[in-house]
Engineer: 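Below is the structure I would like to discuss, written out as structure tokens.
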2 protein chains.
Amino acid sequence: MPDSEGHPAVDEIELGAVLSALADPLRRRVVRELTAAPVGTARTCSSFALPVSKATVTYHFRTLREAGLIRQVDRGNSRAATLRRTDIDRRFPGLLALIAAETEAVEAAGTAEAG
Amino acid sequence: MPDSEGHPAVDEIELGAVLSALADPLRRRVVRELTAAPVGTARTCSSFALPVSKATVTYHFRTLREAGLIRQVDRGNSRAATLRRTDIDRRFPGLLALIAAETEAVEAAGTAEAG
DNA sequence: TCCCAGGTAAGACTTGCATCGTACCTTCCC
DNA sequence: GGGAAGGTACGATGCAAGTCTTACCTGGGA
């Protein structure tokens, strides 16, 4: 059973939920940035500057949290998100590497690749 | 550009499309069975006995095909699906192992785990 | 030739997802 | 205490995903 904040235990992390969570480019971007950051990095939701409203950001972070990809810890005023690296690596070894390796061509749509 | 049958080239296989395709449990089941089978195994759509209508099966196989996960080849009367193992392994090494490792607890919902 | 099995295509329908606006809560700082 | 910043909750909305039925095509066998 997930804890009071909605974090599933390691054994409760389901592949389906993880893949669904990672199917969204915005959520994949969050996980990618977290994966690229030093281990243990904690960032606030707003620090990712996602191009959506505050409410939508909350929604995406909840999805990531309930899938078991991130852990959100209270930090007084705000709430910092950390990657559940160890847990994910144990359940799905190699998955984070795949996400990290993605080069987001879509976001650079403004710059012509063949230019 | 995908070929006339909708198969993307290796370099066109996108992580987002692949994850979206694999987010569905039915499609994951197809890929899992194909991954577990001997290399080169070709199976017809109907041989998977998915619990949905014929038209829906076609839809799911098209999704898998357009994502680049399977290749569908004409075989006279029917159409056989093969896993694009080499292509997927090159683009996303380790991904198939994750899918193959999933134990589908959901499908065995009828049997009490703690019984 | 006729019929059946396997697939596909088009259209309709339902549900869920991503999104937003608004209202509200908490904490920090003045 | 009051205000601003960061998040959450709730309700509403628009669109895409998954599903079905029906109609149709193709190839094989009697």
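Per chain, numbering begins at 1; letters A, B, ... match sequence-line order.
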Engineer: Does OP1 or OP2 of dA5(D) have a side-chain N or O of Ser78(A) closer than 4.0 Å?
Structural biologist: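 Checking dA5(D) against Ser78(A), no side-chain N or O comes under 4.0 Å of OP1 or OP2.
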Engineer: For Asp11(B), is there any backbone N or O sitting under 3.5 Å from a side-chain donor or acceptor partner on Arg90(B)?
Structural biologist: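 Between the backbone of Asp11(B) and the side chain of Arg90(B) there is no qualifying donor-acceptor contact (under 3.5 Å).
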Engineer: Nearest whole angstrom, please: distance from the C1' of dG6(D) to the CZ of Phe48(A).
Structural biologist: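 Interatomic distance, CZ of Phe48(A) to C1' of dG6(D): 14 Å.
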Engineer: When you match Ala23(A) and Ala80(B) each to their closest nucleotide on DNA chain C, which lands nearer the 5' end?
Structural biologist: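 Closest to the 5' end, via its nearest nucleotide, is Ala80(B).
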Engineer: Please list all pairs passing the side-chain hydrogen bond (donor to acceptor under 3.5 Å, both in side chains) test where one or both residues lie in residues 43-53 of chain A, with sequence neighbours left out.
Structural biologist: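 Only Glu33(A)-Arg43(A), Arg43(A)-Ser47(A), Thr44(A)-Ser46(A), Ser53(A)-Thr56(A) qualify under side-chain hydrogen bond (donor to acceptor under 3.5 Å, both in side chains).
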Engineer: Heavy atoms within less than 4.0 Å of DNA chain C: which residues of residues 51-67 of chain B have one? Give them sorted by number.
Structural biologist: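 Output list: Lys54(B), Ala55(B), Thr58(B).
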Engineer: Could you grab the distance from atom CG of Leu15(A) to atom CZ of Arg32(B), nearest 0.5 Å is fine?
Structural biologist: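 Between atom CG of Leu15(A) and atom CZ of Arg32(B) there are 8.5 Å.
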Engineer: Write down the atom of Arg65(A), the atom of Arg79(A), and the distance for their closest heavy-atom approach.
Structural biologist: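 It is NH2-NH1, 4.2 Å.
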Engineer: Checking side-chain contact (heavy atoms from CB on, under 4.5 Å) for the pair Val30(B)/Phe61(B): CA distance, chi angles, key distance, verdict?
Structural biologist: CA-CA 9 Å; Val30(B) 169; Phe61(B) 274 78; 4.0 Å; yes
Engineer: Looking across every strand, which nucleic acid part, if any, lies under 4.0 Å from Ser20(B) by heavy atom: base, sugar-phosphate, or nothing?
Structural biologist: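 Since no nucleic acid heavy atom lies under 4.0 Å of Ser20(B), the category is nothing.
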Engineer: Within the structure shown, what part of the strands sits under 4.0 Å from Gln72(B) by heavy-atom distance: base, sugar-phosphate, or nothing?
Structural biologist: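 The residue Gln72(B) makes sugar-phosphate contact but no base contact.
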Engineer: Has Arg79(B) got a side-chain N or O lying under 4.0 Å from the OP1 or OP2 atom of dT26(D)?
Structural biologist: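 For dT26(D), OP1/OP2 do not have a side-chain N/O of Arg79(B) under 4.0 Å.
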Engineer: How many angstroms lie between CD1 in Ile99(A) and CG in Leu83(A), if you round to the nearest 0.5 Å?
Structural biologist: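 It is 10.5 Å, given to the nearest 0.5 Å.
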